[in-house]
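To find a chain, count down the sequence lines: A is the first, B the second, and so on, and within it residues start at 1.
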Amino acid sequence: MARANDEAAALIQELADLLSITGGDAFKIRAYEKAARAIAGHPDDISGLDLAGLRKIPTVGEAIAKKVLDYNTTGTIRQVEELRTQIPAGVRALTAIPTLGPKKALAVYEELGISSVDELAEAIKEGRLRGLKGFGAKTEDNILRGIELMRSSGERVLLDVAAGVADEVVAALSALPQVERCAHAGSLRRMRETIGDVDVLAASTDPHPIMEAFTALPLAAEVVVAGDKKTSIRTDRGLQVDLRIVPPEAWGAALQYFTGSQAHNIRTREIAVKAGLKLSEYGLFDADSGDLIVSRTEDEVYERLGLPWIHPALREDTGEIEAARKDELPRLVTVEDLRGDLHSHTDLTDGIASLEDMVAAAADRGLEYYAITDHAPNLFMQRMTDEKMLAQRERVRELQKEYPGLVLLHGTELNIDPDGGVDWDAGFLAGFDICVASVHSHFTQDEAEMTRRLVRACENPHVHVIGHPTARSIGRRPAVNADWDEVFRAAARTGTAMEIDSFPDRLDLPADLIRRAKRFGVRFSVDTDAHSLGHHRNIRYGVGTAQRGWLTPDDVINTWPLERLRAFLRKDGGAR
DNA sequence: GCCGTTTTCGGCCCGACTGTTTTCAGTCG
């Protein structure tokens with residue numbers, strides 16, 4: 001499913017990695033890294049671009065454009081192939097070990113011929129690194145622990161796990177008298193779909209006792225680094241938590257810095273430099289005099305750089321700086337914008353809460369409309385029947401009388417079969433207020449079959465929303481193979497919404513596909529797919545994903561007033 | 001390698017911590 005853009009970007013990034021090992025010019029390496037990000041984030045398919053088209057991509061110049069053309073015609077890049085003969089893949093893999101970078105990787109390869117993580121571990125145990133310049137006892141120790149960590153728990157965690165840890169740390173530290181402000185930052189604030197480590201920021205004039213309290217937290221299994229400005233711990237589950245403490249007056253600059261992404265920060269600092277300023281976590285300064293200009297709020301920092309405040313979900317250097325300069329940033333959808341939820345389950349199928357309890361939870365969220373969409377019969381283990389579904393509909397109509405402010409929609413989650421058909425005939429389907437249709441089986445069909453399957457589902461006049469379209473399970477099952485541009489064209493043409501499922505292990509559609517779909521004019525539905533009362537809280541992850549996809553309220557059908565939504569559900573083009 | 005309402009050549013983001021060093025390189029974010 002990897003697009004040409006992703007493969008070309010990976011090759012350019014590999015070129016940067018290999019050059020950093022062989023000791024290439026650091027600025028050239030950064031140029032490759034920037035270009036790799038730009039190519040991966042470029043909306044157009046690079047395989048259809050010529051030299052001039054490629055050079056229009058920011059940070060892609062003559063030399064890199066030619067390398068991409070090389071990839072377009074040969075499927076690889078000649079310089080990468082050449083460097084691979086000099087530096088074995090295993091040496092590049094060494095740099096994935098925490099505390100071991102390109103310089104040390106090259107040293108062990110050149111001096112000892114080590115070209116894999118296993119060989120390195122073996123060499124350390126045999127004492128073969130002794131006497132190697134720059135490698136002392138502590139370094140050996142750190143590498144061994146780094147290897148251990150990488151093998152056991154070095155994986156990224158899901159958003160809800162990271163959010164739970166962050167909430168606990170922020171709550172504990174906020175209770176300390178020395179702490180004036182405390183919040184999480186980093187990739188969690190940007191709502192990335194998985195989190196490598198949790199970043200927490202605190203403002204204080206007296207950091208030492210805070211750091212001591214931090215390392216003494218029950219969840220701190222190990223202290224990784226310890227200073228008065230920065231301290232890192234690791235939880236017993238292997239998740240690293242970084243705490244940075246800054247003076248209260250530096251809060252805004254620090255929050256901007258520690259939210260990242262690194263690529264976004266590089267851009268903002270470059271803008272500062274060009275304006276004769278210097279931006280760091282302590283503030284925006286005059287480059288010559290060193291005088292502080294602003295630092296208290298993120299707003300001030302961006303404003304002084306000539307930019308509007310940029311939402312954290314956009315801070316990936318994938319076009320937000322350019323959009324900000326032109327004052328074309330989208331007004332992103334928020335949890336508060338949502339009037340309804342169009343996908344949920346009850347204990348009639350695999351939910352664990354009753355219809356009554358789920359509806360009460362929806363009412364507590366302040367929703368104006370709410371769809372109950374239990375599974376359809378072809379998901380055989382759920383034992384759905386026509387009779388059960390019609391009986392549920394009666395209960396929904398009864399229950400409606402108790403909720404004058406919440407319109408209940410009776411729906412179902414259909415199963416898209418391998419040919420693109422769904423569970424019921426048109427007559428029965430017409431009785432539902434809304435139908436979500438999802439892929440629940442035959443995940444490994446080839447791209448052509450899967451594309452046809454999804455397009456046919458969109459073309460069904462009774463299918464309103466494609467549920468969790470890629471069917472991925474983060475860390476467990478990859479996305480299905482499909483020609484997504486073809487699917488999105490069909491969705492836009494037929495007035496079928498793409499779901500953004502809020503489950504932390506789904507987040508489906510993913511943000512990059514959301515941005516692609518939006519370019520075709522596709523509409524979206526941000527839903528919980530709740531199977532229990534607690535799942536209603538997951539909506540913030542779905543909204544975060546929608547924000548990362550640059551969506552406005554108008555793009556999201558369940559922000560619309562009910563009448564506009566009903567027109568969309570008629571699939572006659574009236575609301576599009 | 002890229003880029004330019006100061007520049008087509010000379011710049012290129014900034015700081016914290018660790019470890020092996022006698023003043024700093026490497027790594028990380």
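- Look at CD1 on A/Ile271: it is 18 Å from C1' on B/dT6, rounded to the nearest Å.
- Nucleotides of DNA chain B nearest to A/Pro98 and A/Lys28 differ in position, and the one nearer the 5' end is that of A/Lys28.
- Within the 4.0 Å cut-off from OP1 or OP2 of B/dG15, at least one side-chain nitrogen or oxygen of A/Lys278 is found.
- Note: NZ (A/Lys34) to P (B/dC12) measures 12 Å, nearest angstrom.
- Listed candidates were B/dG19, B/dT27, B/dC14. Nearest to the side chain of A/Lys138 is B/dG19.
- Residue A/Arg331 places its CZ atom among more than 12 non-hydrogen atoms of other residues, nucleotides or ligands, all under 6.0 Å distant.
- Comparing A/Gly134 and A/Tyr32 against DNA chain B, the residue whose closest nucleotide sits nearer the 5' end is A/Tyr32.
- As rounded to the nearest Å, B/dT21 and B/dT6 have C1' atoms that lie 42 Å from one another.
- Listed nucleotides: B/dG15, B/dC2, B/dC17. Nearest to the side chain of A/Ser280: B/dG15.
- Straight-line distance from the CD1 atom of A/Ile266 to the P atom of B/dG1: 19 Å, rounded to whole Å.
- The CG atom of A/Asn142 sits 11 Å away from the P atom of B/dC28 (whole-angstrom rounding).
- The closest donor-acceptor contact from the side chain of A/Gln262 to the backbone of A/Gly260 lies at 3.5 Å or more, if one exists at all.
- Aromatic pair A/Phe503/A/His468: centroids not less than 6.0 angstrom apart.
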